[in-house]
Colleague: 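Mind looking over this structure? Questions follow.
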Amino acid sequence: MPELPEVQTTCNGIAPIITGKTVTDVVVRKRQLRWPVTAGIKNKLIGHQVIKVWRRGKYILLQFDKGSLIVHLGMSGHLAVVDQKQEVKKHDHVDIFFGPTTVLRYHDPRRFGAVLWTAANPLEHALLHNIGPEPLGPEFTADYLFTVTRKRKRIIRDVLLDGKIVAGIGNIYANEALFRAGIDPRRAAGRISRVRMQKLVTALVEVLSAGIRAGGTTLRDFRGGDGRPGYFQQSLSVYGRSGEPCPVCQQIIDSEIRGGRSLFYCRRCQI
DNA sequence: CAGCGCCCCTGCCCGC
DNA sequence: TGCGGGCAGGGGCGCT
C-alpha cells in the first residue's frame with residue numbers, strides 16, 4: 001500500500017480512534033513478515049496505552065506509555081481499525097485489540113512489511129536512525145539536495161528512492177515529481193543545477209501534498225466505496241502511462257526498467 | 001564509501 | 001481455461 005501519502009493517511013485514520021486507548025489483547029496469526037514479529041509482543045502490549053500515532057518516512061510509529069510499535073507496510077500492507085465482527089481474511093497477520101470490538105488489523109499479502117517492538121526511542125532504532133530528512137519538513141531544501149548530490153553518479157530517480165538521502169519517497173512520486181520538474185529521471189544526480197534542484201524540491205512537496213490531500217488514494221488497488229474510478233486514474237501524469245501521450249506536449253511517454261524499477265518519462269519535457 | 005543487484009512473497013495481468 | 005512469465009507501491013543487505 002505505501003508511498004508516504006498513504007502512510008500519512010493511515011496514521012490520520014487510526015490516530016483519532018486509538019490514541020488514549022489501552023491494549024486488551026493481541027493476536028498474531030503469522031509471525032514471518034520481513035522480520036519475525038517481535039517475540040512476546042502480546043505481553044509487551046497488553047495493558048499499555050497509546051500516547052500518539054506518528055510516522056518517520058514510511059515507518060508508522062505507535063508510541064505507548066512504555067515503548068513503541070514500529071510498523072512498516074512494505075509493498076502490500078494495510079493497517080486499519082476494524083470491528084471485531086469483521087471476518088478475518090487471508091493475510092490478516094496481526095490484530096491489536098482495544099476493548100472487545102475495536103481492532104487494529106495488519107494485513108499484508110506479500111509480507112515485505114514489519115511489526116516490531118522497541119522499548120527505546122524508535123528514532124534510534126537501527127532501521128530508523130540513518131533515515132534522511134522528511135521531504136515535507138524544513139531540512140529538505142534545494143541547498144541540501146544540491147550539496148549531498150555533488151559528484152554523485154547515480155541517476156536522480158535512484159537518489160530520490162534512497163531513504164538515507166530523503167525519507168519516504170517511492171517510485172510513483174519520484175517519477176511524478178521529476179516530470180513536474182522537467183528533469184530526466186536518468187540524469188546523473190551530480191549533474192543537476194541548484195536551480196533545477198529547487199524545482200525538484202518544489203515538485204516533490206506539491207506531489208506529496210496532493211497525494212495526502214487526496215487521502216492517499218493514488219494506488220492502483222485502492223478501493224473507494226463509491227464506485228467512482230480511482231483517483232489513481234486521473235492523478236498521475238506519467239507513472240504507469242507508457243505509450244500514452246504526455247499531458248503537456250503529446251509526446252508518447254517512454255518507460256524502461258532501471259535498478260529493477262520502472263521509469264516513466266517524457267523525452268521532450270524532461271531533460 | 002558509493003553503487004548496484006538480489007531477494008523476501010503473493011497476486012494479477014497478459015500472451016499463448 | 002490453464003499455465004508460464006513478467007511485473008508491482010520497499011528497502012535491507014551483501015558484494016564489488
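When reading the values below, keep in mind they use all heavy atoms of this one structure, side chains included, and skip hydrogens, waters and symmetry mates. Below, chains carry the letters A, B, ... as their sequence lines are ordered, and counting in each starts from 1.
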Colleague: Just N and O in the side chain of A:His72: are any of them under 4.0 Å from OP1 or OP2 of C:dG10?
Modeller: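 Checking A:His72 against C:dG10: no side-chain N or O falls below 4.0 Å of OP1 or OP2.
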Colleague: Is it the case that A:Tyr106 and A:Asp108 place a side-chain donor and acceptor less than 3.5 Å from each other?
Modeller: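 A:Tyr106 vs A:Asp108: donor-acceptor pair found between side chains.
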Colleague: Verify salt bridge (charged side-chain N to carboxylate O under 4.0 Å, His left out) between A:Asp158 and A:Arg261, making sure each step is shown before the conclusion.
Modeller: CA-CA 9 Å; A:Asp158 286 355; A:Arg261 295 183 201 289; over 6 Å; no
Colleague: By nearest atom, which of the nucleotides C:dG10, C:dA8, B:dA2 is closest to the A:Arg152 side chain?
Modeller: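 Per side-chain heavy atoms of A:Arg152, the pick is B:dA2.
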Colleague: Report the nucleotide, chosen from B:dT10, B:dG3, C:dG10, that has the shortest atom-to-atom distance to any side-chain atom of A:Arg261.
Modeller: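 Looking only at side-chain atoms, A:Arg261 lies closest to C:dG10.
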Colleague: Given C:dG10, is OP1 or OP2 found less than 4.0 Å from the side-chain N or O atoms of A:Tyr173?
Modeller: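 For C:dG10, neither OP1 nor OP2 has a side-chain N or O of A:Tyr173 closer than 4.0 Å.
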Colleague: Identify all stems in which DNA chain C takes part, counting only runs of at least 3 consecutive pairs (Watson-Crick or G-U wobble, each distance under 3.5 Å), and give each as one range with another, ordered by first number.
Modeller: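 DNA chain C forms these stems: B:2-8 with C:10-16, B:10-16 with C:2-8.
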Colleague: Taking the side chain of A:Trp35 as heavy atoms from C-beta outward, which of B:dT10, C:dC7, C:dG12 is closest to it?
Modeller: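 Minimum distance to the A:Trp35 side chain belongs to C:dG12.
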Colleague: List the steps and the verdict of salt bridge (charged side-chain N to carboxylate O under 4.0 Å, His left out) for A:Lys58 and A:Glu6.
Modeller: CA-CA 9 Å; A:Lys58 292 178 197 153; A:Glu6 287 72 30; over 6 Å; no
Colleague: Name the orientation class of the two ring planes belonging to A:Phe64 and A:Trp117 (parallel below 30°, tilted from 30 to 60°, perpendicular beyond 60°).
Modeller: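 Plane angle between 30° and 60°, so tilted.
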Colleague: Counting side-chain heavy atoms from CB outward, which of B:dC4, C:dG11, B:dT10 is closest to A:Arg154?
Modeller: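 When the side chain of A:Arg154 is considered, B:dC4 is the closest of B:dC4, C:dG11, B:dT10.
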Colleague: Counting only heavy atoms not in A:Lys199, do more than 12 fall under 6.0 Å of its NZ?
Modeller: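 Not more than 12 within 6.0 Å, no.
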Colleague: Roughly how many Å is it from CZ in A:Arg150 to P in B:dC1, rounded to a whole number?
Modeller: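 Value for this atom pair: 21 Å.
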Colleague: When you get a sec, tell me which of B:dG11, B:dC9, C:dG12 is the closest nucleotide to the side chain of A:Leu127?
Modeller: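 Of B:dG11, B:dC9, C:dG12, C:dG12 is nearest to the side chain of A:Leu127.
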Colleague: Can you check the distance between C:dG6 and B:dC6, where both ends of the measurement are the P atom (answer in whole Å)?
Modeller: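 Looking at atom P only, C:dG6 and B:dC6 are 14 Å apart.
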Colleague: 5'-most contact on DNA chain C: A:Gly168 or A:Ser262, nearest heavy atom basis?
Modeller: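 Per heavy-atom nearest nucleotide, the more 5' residue is A:Ser262.
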Colleague: From the options C:dG11, C:dC7, C:dG12, select the nucleotide whose nearest atom is closest to the side chain of A:Lys58.
Modeller: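 My answer, after comparing the listed nucleotides, is C:dG11.
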Colleague: By the definition side chain to side chain donor-acceptor pair (under 3.5 Å), identify the one residue from A:Glu176, A:Arg157, A:Glu3 that meets it with A:Asn171.
Modeller: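 Of the listed options, the one satisfying the test is A:Arg157.
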Colleague: Could you tell me whether A:Arg191 atom CZ has more than 12 heavy atoms of other residues or ligands within 6.0 Å of it?
Modeller: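 Atom CZ in A:Arg191 is not packed in, count stays at 12 or less.
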Colleague: Going by centres under 5.5 angstrom and planes under 30 degrees, do the aromatic ring of A:Phe112 and the base ring of C:dG11 stack?
Modeller: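 It does not: the ring fails the test against the base of C:dG11.
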Colleague: Give the rounded distance in Å between these two atoms: NE2 of A:His107 and P of B:dT10.
Modeller: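 To the nearest whole Å, that distance equals 13 Å.
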Colleague: If you check every side-chain atom of A:Arg110, which of B:dT10, B:dG3, C:dG10 has the closest atom?
Modeller: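 Closest of the options to the side chain of A:Arg110: B:dT10.
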